[in-house]
Amino acid sequence: MSLVSRATQLRLRRAFRRRQKQVEAVAETAEKQFDTNLVGRFDRLLRVKRFAAGWLVLVLLVTLCTIVQTLGLSAYYQKQQPCPVAFITKVSWAPIAMPTPFTPPVRSTQPFHD
């Protein structure tokens, strides 16, 4: 005793074969488009080789200049060394009034304290 009737099996088999043919047709179309869109452009590339060579030389020149500039500036930004700093030994602070946005700042008349 079968779970699926004979008519349903035949219908599913036809649908499977139809889908298989559709997939093969799509694959064939994709192959043709690949050939025309990518491989076919190589022929055009030969006709514009001077233009393509100019762009290639420009890219190589910019890359080379960037490498030379990086190597030339490496002395300034790639060394790990302590930074020269001044040590602050004594700080004098003046009293600061807290102004609000609506009142002008108050100036202190007292001299700085140590």
Side-chain angles (χ1 to χ4, degrees):
M1 183 170 202
S2 175
L3 294 174
V4 181
S5 68
R6 176 83 175 143
T8 306
Q9 287 178 355
L10 293 175
R11 197 176 305 132
L12 289 174
R13 191 177 300 151
R14 281 193 302 266
F16 178 74
R17 287 181 182 160
R18 186 175 42 227
R19 299 269 173 134
Q20 191 174 8
K21 288 180 183 178
Q22 288 175 351
V23 168
E24 289 174 1
V26 167
E28 187 176 334
T29 305
E31 182 182 353
K32 286 179 184 176
Q33 287 181 355
F34 178 77
D35 287 341
T36 57
N37 291 335
L38 182 70
V39 178
R41 290 179 185 254
F42 289 137
D43 183 43
R44 287 183 56 206
L45 186 62
L46 293 176
R47 288 184 276 163
V48 293
K49 58 185 165 188
R50 191 174 76 182
F51 177 75
W55 274 104
L56 184 62
V57 167
L58 178 67
V59 168
L60 292 175
L61 185 66
V62 167
T63 304
L64 181 66
C65 289
T66 303
I67 290 171
V68 168
Q69 184 179 19
T70 303
L71 292 175
L73 294 174
S74 65
Y76 293 103
Y77 70 89
Q78 289 186 349
K79 288 185 180 176
Q80 292 185 356
Q81 61 185 9
C83 296
V85 294
F87 292 101
I88 301 173
T89 56
K90 192 173 186 181
V91 177
S92 299
W93 294 94
I96 299 173
M98 296 301 250
T100 63
F102 304 109
T103 58
V106 179
R107 296 192 185 271
S108 175
T109 57
Q110 298 175 357
F112 294 156
H113 297 289
D114 290 331

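Since we're looking at a predicted model, the values are computed, not measured.
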Exercise for review: Give the other cluster members for Val57, using side-chain heavy-atom distances under 4.5 Å between Ile, Leu, Val, Met, Phe, Trp and Tyr residues; answer none if it is isolated.
Suggested key: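 Result for Val57 is none, singleton.
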Point to revise | Apart from Leu12 itself, residues in the same hydrophobic cluster as defined by side-chain heavy atoms under 4.5 Å | key: none
Check your understanding: How many angstroms lie between OG1 in Thr66 and CG in Leu71, if you round to the nearest 0.5 Å?
Key ->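 Separation between the atoms: 11.0 Å.
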Point to revise | side chain to side chain donor-acceptor pair (under 3.5 Å) partners of residues 20-37, not counting sequence neighbours, each pair once | key: none
Kindly write out the residues that satisfy side-chain contact (heavy atoms from CB on, under 4.5 Å) with [X], not counting sequence neighbours, or none if the list is empty.
X     : answer
Val26 : none
Ala27 : none
Leu58 : Trp55, Val62
Val4  : Thr8, Gln9

